[in-house]
Amino acid sequence: MGSGRFFGGVHPSYNKGLADSSAIVEMPLPERLVVFFAQNLGVPSQPVVKKGDEVKKGQVIAEAGGFVSTPVHAPTSGTIGSIDIYPSPVGVDAPAAVLVPDGKDEWFEGCNVERSSEGLGVKKIKEMIHDKGIVGMGGATFPTHVKLSPLAEKKMDLLVINGAECEPYLTADHRLMVEHAEGIRDGASLFATVIGVRNVVVAIEKNKPDAIEVMCKAVVGCQGFSVEAMDVIYPQGAEKQLIYTLTKRKVPAGGLPMDVGVLVQNVGTALAAYEAVRYNRPLIQRVVTVTGSGIREPKNVLARVGTRFEDLVKFCGGLEGDAAKCINGGPMMGVAQYSLDAAVTKGTSGLVILRQEEVTQFVSDACIRCARCLEVCPMKLNPSALSIFIEKMRFEDANEYNVMDCIECGCCAYVCPSRRPMVHHFRRAKAEVRKLQRKTG
Amino acid sequence: MLTAVIALAALALLAAFGLAIAARVFAVPHNPKADEIEEVLPGANCGACALPGCAELARRIAEGKADIDACPVGGESAAHTIAAIMGMEFEGGAEREVALVLCKGSDQVAAKRFFYNGIYDCNSAVLVFGGDKACTYGCLGLGTCAGVCLFGAIDMVPGGLAVVDPEKCTGCAQCVAACPKGIIKMVPASRKLHILCSSHDKGGVARKHCKVACIGCMKCVKAAPEGAITMDNFLAVVDYSFEIPAEVAAECPMNTIIVTGDAAGACEEPAAAAGGDA
């Protein structure tokens with residue numbers, strides 16, 4: 001296993017010191033929770049509750065809408081106050097249930113019961129991971145059971161547990177590794193059993209020495225497990241870049257990690273899967289890093305899914321006077337929020353709040369063809385040409401130039417001296433290309 | 001000198017002979033009517049007939065594969081001339097339709113949720129929380145429709161609102177396809193009363209978002225002939241097969257309904273309102 005280095009990438013200021021030494025704290029139940037029905041990438045889940053229903057903690061409130069879909073569970077016991085459209089933190093308005101907690105926090109029958117995970121069959125483990133609503137917790141929220149079902153003809157030989165956390169500011173995965181190393185390791189063994197691989201690598205960036213140390217200790221004596229310390233460069237944690245760094249294997253354009261025999265899972269996902277199988281606990285809470293100069297007490301908060309950002313902010317001491325921007329996720333890939341009414345979903349890894357002095361409204365200019373974006377694009381695309389095509393509405397040309405391979409990491413926009421809104425352009429083009437593809441079948 | 005002249009003349013003769021043969025052998029059968037028809041068509045190649053351009057439509061009409069009134073832009077006058085070329089009678093086809101933006105919420109009357117400084121294009125803006133307007137149904141005002149209009153029929157009034165000039169509109173419907181909010185509709189040009197709102201929000205919410213929103217009070221529904229205005233999920237919708245008396249507009253407490261035509265300025269009312277702020 002060689003420690004390679006993927007092409008491109010940038011070195012933003014990481015600012016992880018704000019929260020990386022504060023232990024995960026559990027947040028008390030807020031007055032109400034806003035739980036979105038669509039919590040995974042793929043087919044949205046179908047609600048099975050209505051206004052006024054009493055639910056228990058861990059009870060299914062929305063069922064999977066298809067194979068690439070997962071159920072959603074009630075994060076606590078209480079009453080469904082209403083079902084309406086709410087601004088979801090990823091940039092669309094989506095249906096959600098307002099859950100008013102009754103304060104008892106009572107588990108649904110059968111949930112939170114310890115049981116042995118020894119001798120469980122592959123099918124059974126996958127079924128449990130699906131039933132407990134486990135999705136990729138790095139932010140993409142892709143249903144985990146789907147990733148655990150690689151095509152039979154693909155020979156899998158490596159499981160990567162992604163603890164890179166290359167996104168600036170965020171420390172949720174970092175703290176998770178420091179505090180729950182055993183759980184992550186056991187979750188990883190489950191994944192390894194399911195896809196039938198012996199080699200497991202826990203990949204961590206070198207700027208988290210304490211996490212590397214703890215993980216190293218945790219995997220001592222585990223056959224096939226190793227911990228890899230990687231160079232600090234953004235986007236080290238992106239699936240394809242991570243695989244290249246660790247194995248020098250290149251995932252083909254438009255392909256998936258399974259095409260090169262690798263499965264990548266986030267550390268949070270591994271822990272959630274472990275808890276689902278071992279304790280029958282659905283995914284109803286996650287660690288959210290609330291950080292940035294605009295928040296009084298940056299913390300790593302264990303928050304229930306559905307916790308409104310406003311309550312999170314309150315729990316972290318409130319906003320500084322000149323707080324100006326709130327980003328769901330990290331500053332590179334996150335989505336700026338227009339109100340604190342949005343709520344934590346299974347993919348919310350952080351909430352970054354910046355002050356006025358750190359927020360600039362850019363005016364974008366014409367491309368000067370300096371090619372800095374070409375130097376940093378980790379997918380080796382030509383962002384400059386792409387953005388010009390897209391400005392001229394030439395979406396077919398953008399498709400020819402592989403805009404669909406863009407991972408929206410934002411490196412191009414980060415280095416652009418003309419301050420061009422590159423990722424916005426690419427998102428638009430992807431939407432248009434998908435439209436074209438649907439039209440031509 | 002003489003040799004040169006003879007040689008060149010011989011070459012010229014040879015080339016002319018070759019060309020004459022080529023003109024016979026590779027001749028494209030051509031319908032002279034198609035040329036005449038193409039002259040009549042507007043020549044904008046707008047695509048409203050769903051064909052690759054005016055020449056193609058002309059060819060199809062000449063071959064009898066398309067109707068003589070297939071060009072919505074040329075309208076009746078073109079159809080009459082084409083009928084004469086084709087030696088047919090034109091009895092008058094479907095009524096002329098024009099585009100209408102079903103929103104009246106300029107920045108002066110409609111609230112915004114956030115400050116958007118991204119790409120100046122409605123289809124890009126809509127990717128960010130569906131746009132900056134509090135009303136998620138309304139016109140984003142970045143002028144994508146005006147950009148695709150080949151006839152300069154769409155004005156962006158100050159305050160960010162697209163307004164179609166029914167005189168200039170040729171009915172090609174390119175703007176209908178371009179609008180990400182789907183709030184541009186084709187309506188019969190002869191109809192004058194319009195409800196300029198697309199919000200399906202409940203009354204209270206709609207009112208909070210926009211001062212000229214339809215709040216679903218149903219006053220217009222009651223005042224109009226039975227069935228002429230119907231409610232669709234908190235929104236009053238005009239059925240253009242009915243003739244609706246202009247007085248109905250006065251019933252609207254939100255000033256959402258407009259009557260165009262006689263009062264030429266009626267449709268530019270938002271612009272007039274903007275004057276004060278600018």
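None of the values given here were measured: they were computed from a predicted structure. Within every chain, numbering begins at 1; the chains are lettered A, B, ... in the order of the sequence lines, protein sequences first and strands thereafter.
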So which part of [X] gets closer than 4.5 Å to some heavy atom of chain B, the side chain, the backbone, both or neither?
| X | value |
| --- | --- |
| Val363(A) | neither |
| Ala336(A) | backbone |
| Ser339(A) | neither |

Specify the closest pair of heavy atoms between Arg428(A) and Asp121(B), including all atoms of both residues, with the distance to one decimal. NH1-OD1, 3.1 Å
Side chain, backbone, both or neither: which part of Tyr120(B) has an atom under 4.5 Å from a heavy atom of chain A? neither
Is the number of heavy atoms from other residues, nucleotides or ligands under 6.0 Å of [X] [atom1] greater than 12?
| X | atom1 | value |
| --- | --- | --- |
| Lys112(B) | NZ | yes |
| Tyr401(A) | OH | no |
| Arg207(B) | CZ | no |
| Glu63(B) | CD | yes |

Between Arg427(A), Arg420(A), His424(A), which is the residue that forms a side-chain contact (heavy atoms from CB on, under 4.5 Å) with Ile119(B)? His424(A)
Non-hydrogen side-chain atoms of Tyr338(A) and Val128(B) separated by less than 4.5 Å: no
Residues Phe129(B), Gln337(A); criterion side-chain contact (heavy atoms from CB on, under 4.5 Å); working and verdict: CA-CA 9 Å; Phe129(B) 293 96; Gln337(A) 303 292 303; 3.8 Å; yes
Arg113(B) with Asp341(A): basic N within carboxylate O range, under 4.0 Å: no
